[in-house]
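Numbering of residues begins at 1 and proceeds along the displayed sequence.
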Amino acid sequence: MLNLKSLLIKFLPGFIPIILFVVADSIWGIKTGLYVAVAFGVLQFVYVLVRHHKTDFFILADTLLLIILGVISLMLHNDAYFKLKPAMIETIFAVLIGISVFSKHNIMMQMSQRYLRDVKLTEGQMKEFKANLRVTFYIFLIHILMVIYSAYFMSEEAWAFVSSILLYLLFGGYLLFQVIRYRIIRNRMKLVEWLPMVDAKGGVKGKIPRSECHGKEKIMHPVVHLHIIKNRSVFLQKRPYDKLIQPGKWDTAVGGHLNYGEDIEQGLRREAFEEIGLKDFTPRFLVKYVWETDMEKELVYCFICNDHENISINREEVDDGKFWPINQIRENMGKEVFTPNFEKEFEFLECIYFGSE
């Protein structure tokens with residue numbers, strides 16, 4: 001997963017030229033700062049050309065941008081326009097960001113891809129990236145207007161504060177807001193039950209909150225079922241009436257979702273203990289199939305066992321439970337007594353375990 005630390009490491013090479021320009025400008029002056037930054041850009045371009053045998057036009061664009069900044073700085077290095085220098089420089093960045101945010105050409109994303117070659121951003125991350133760019137654009141726009149206003153209508157001290165420290169305070173405040181926001185989201189996510197997204201073969205493609213699994217998108221996720229057999233009877237549980245799906249109907253003895261990162265046997269044993277208190281049992285694989293309804297799409301791993309001595313129903317999970325003779329099950333098939341899912345699996349039990357009569 002891409003975190004903030006790795007993201008900064010990947011983007012750092014792109015910030016080095018502008019950092020060198022700013023530092024050298026403050027120590028030795030504009031001309032020296034420009035020479036240092038452009039020299040670094042040229043060396044960076046040659047390194048990529050020799051090491052990777054490719055022409056990186058983004059490095060050329062960065063270097064050109066630095067030259068433009070330097071020329072503007074030299075042109076405005078006089079008393080009449082000196083106060084407008086920060087606003088002019090920021091306008092260049094605002095234009096690039098504005099094009100990226102308000103047009104189909106995301107220049108900033110294209111530039112960032114050279115530092116994120118091995119990282120594929122999800123749709124949600126792309127939206128977050130663009131949202132942050134939009135805020136950055138408005139911060140620059142507000143600060144540009146404030147610099148222009150302070151240059152003409154405020155004192156030297158006020159202009160000095162607005163043109164330098166205020167920009168850091170604006171971005172620092174936004175960064176602090178994002179840090180607090182992400183921590184709140186992260187703490188909320190700890191309480192979310194995550195389920196794996198799978199393909200028809202059971203390969204995990206990612207994870208998703210449980211609340212999003214049942215709905216119009218019907219993202220396929222794995223579940224485990226356990227049938228408990230005693231002689232020619234099958235133990236069934238009665239679903240609570242407050243269940244969203246098939247309330248009040250008789251269902252498989254054990255059934256539940258796999259958690260993200262949990263293997264099939266772990267999930268099966270966890271669900272068996274949570275629902276009917278069953279600990280020591282030997283499951284045998286029966287069948288795997290895809291179950292789809294109007295509300296969900298599940299990859300079902302179905303097992304059977306003959307261990308039933310330690311069954312203890314958890315009334316918080318299950319409304320009732322008892323053994324049903326298979327003849328009684330057959331008599332009630334198709335009468336809204338059982339869940340459609342169980343009736344489907346009873347066909348497997350009939351064919352594979354009991355045999356047709």
Side-chain angles (χ1 to χ4, degrees), residues 193 195 210 213-214 220-259 262 264-357:
E193 184 179 357
L195 305 182
R210 177 170 179 163
C213 284
H214 298 155
M220 188 157 64
H221 52 284
V223 299
V224 288
H225 287 178
L226 178 66
H227 293 279
I228 301 174
I229 311 297
K230 182 177 71 172
N231 299 325
R232 296 186 67 77
S233 297
V234 182
F235 187 88
L236 301 181
Q237 64 158 273
K238 189 175 185 181
R239 296 176 62 81
Y241 287 94
D242 59 357
K243 286 285 188 180
L244 177 65
I245 300 174
Q246 302 296 329
K249 293 185 179 181
W250 289 91
D251 198 6
T252 311
V254 173
H257 297 89
L258 284 182
N259 293 326
E262 187 177 47
I264 296 171
E265 184 172 350
Q266 286 175 334
L268 182 65
R269 293 189 180 278
R270 175 182 54 77
E271 288 289 343
F273 178 73
E274 290 178 357
E275 295 186 354
I276 59 174
L278 191 62
K279 288 184 178 180
D280 300 320
F281 63 98
T282 304
R284 303 191 301 279
F285 180 74
L286 179 66
V287 69
K288 178 178 73 173
Y289 66 96
V290 175
W291 178 255
E292 184 172 359
T293 67
D294 294 337
M295 297 185 63
E296 61 186 349
K297 188 175 183 180
E298 298 176 333
L299 180 63
V300 184
Y301 293 88
C302 188
F303 297 83
I304 60 174
C305 79
N306 301 107
D307 306 292
H308 54 81
E309 290 79 7
N310 298 317
I311 291 179
S312 177
I313 294 175
N314 181 359
R315 296 293 178 177
E316 294 182 0
E317 295 282 340
V318 178
D319 192 60
D320 197 2
K322 67 177 183 178
F323 279 98
W324 285 66
I326 60 171
N327 290 336
Q328 190 176 356
I329 294 175
R330 290 168 181 160
E331 291 173 1
N332 287 277
M333 291 283 283
K335 297 181 179 179
E336 298 294 318
V337 175
F338 309 117
T339 65
N341 205 171
F342 168 74
E343 292 189 349
K344 174 70 174 180
E345 291 185 6
F346 187 70
E347 295 177 5
F348 296 133
L349 286 173
E350 288 270 63
C351 295
I352 300 173
Y353 189 80
F354 293 117
S356 302
E357 293 185 356

Working for side-chain hydrogen bond (donor to acceptor under 3.5 Å, both in side chains), residues Arg284 and Asn306 | CA-CA 9 Å; Arg284 303 191 301 279; Asn306 301 107; 3.0 Å; yes

Short side-chain to backbone donor-acceptor contact, [X] and [Y], under 3.5 Å:
| X | Y | result |
| --- | --- | --- |
| Thr293 | Met295 | yes |
| Glu343 | Pro340 | no |
| Asp320 | Lys238 | no |
| Glu292 | Lys297 | no |
| Glu275 | Val318 | no |

Within the 6.0 Å centroid threshold, strictly below: Phe348 and Tyr289 |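 Yes, the ring of Phe348 comes within the 6.0 Å limit of the ring of Tyr289, centre to centre.
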
Are His308 and Phe281 an aromatic pair by the rule of ring centers under 6.0 Å?
->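 No, they do not, as the ring centres are separated by 6.0 Å or more.
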
Rounded at 0.5 Å granularity, tell me how far [atom1] in [X] sits from [atom2] in [Y].
| X | Y | atom1 | atom2 | value |
| --- | --- | --- | --- | --- |
| Tyr353 | Ile304 | OH | CD1 | 5.5 Å |
| Glu274 | Glu317 | CD | CD | 6.0 Å |
| Asp294 | Glu296 | CG | CD | 10.0 Å |
| Ile276 | Ser312 | CD1 | OG | 9.5 Å |
| Cys302 | Leu349 | SG | CG | 6.5 Å |
| Arg239 | Ile245 | CZ | CD1 | 6.5 Å |

Is the CD atom of Glu316 crowded by more than 12 outside heavy atoms at less than 6.0 Å?
-> no

Report, as yes or no, whether the 6.0 Å neighbourhood of atom CZ on Phe323 holds more than 12 heavy atoms from other residues, nucleotides or ligands.
->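 Enclosed.
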
Measure the shortest side-chain to side-chain distance between [X] and [Y] over non-hydrogen atoms and say whether it is less than 4.5 angstrom.
| X | Y | answer |
| --- | --- | --- |
| Trp291 | Lys344 | yes |
| Ile313 | Arg315 | yes |
| Met333 | Phe346 | yes |
| Leu299 | His221 | no |
| Leu268 | Phe303 | yes |
| Val290 | Val300 | no |
| Asp251 | Gln246 | no |
| Val224 | Leu258 | yes |

Lys249 to Phe338, cation-pi by 6.0 Å centre distance and 45° axis angle |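 Geometry flag: not set, cation outside 6.0 Å or 45°.
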
Give the C-alpha distance, both sets of side-chain angles, the deciding distance and a yes or no for side chain to side chain contact (heavy atoms under 4.5 Å, CB included) between Glu193 and Asn259.
-> CA-CA 7 Å; Glu193 184 179 357; Asn259 293 326; 3.3 Å; yes

Evaluate side chain to side chain contact (heavy atoms under 4.5 Å, CB included) for His227 paired with Phe235, printing each intermediate quantity in order.
-> CA-CA 7 Å; His227 293 279; Phe235 187 88; over 6 Å; no

Taking all non-hydrogen atoms of both residues, which atom of Met220 and which atom of Glu298 are closest, and how far apart?
->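 So the minimum-distance heavy-atom pair works out to CG-C, 4.1 Å.
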
Working for side chain to side chain contact (heavy atoms under 4.5 Å, CB included), residues Ile326 and Val234 | CA-CA 7 Å; Ile326 60 171; Val234 182; 4.2 Å; yes

Residues Phe342, Ile329; criterion side chain to side chain contact (heavy atoms under 4.5 Å, CB included); working and verdict = CA-CA 10 Å; Phe342 168 74; Ile329 294 175; 3.9 Å; yes

Partner of Arg269 under side-chain hydrogen bond (donor to acceptor under 3.5 Å, both in side chains), chosen from Gln266, Glu265, Glu271 = Glu265

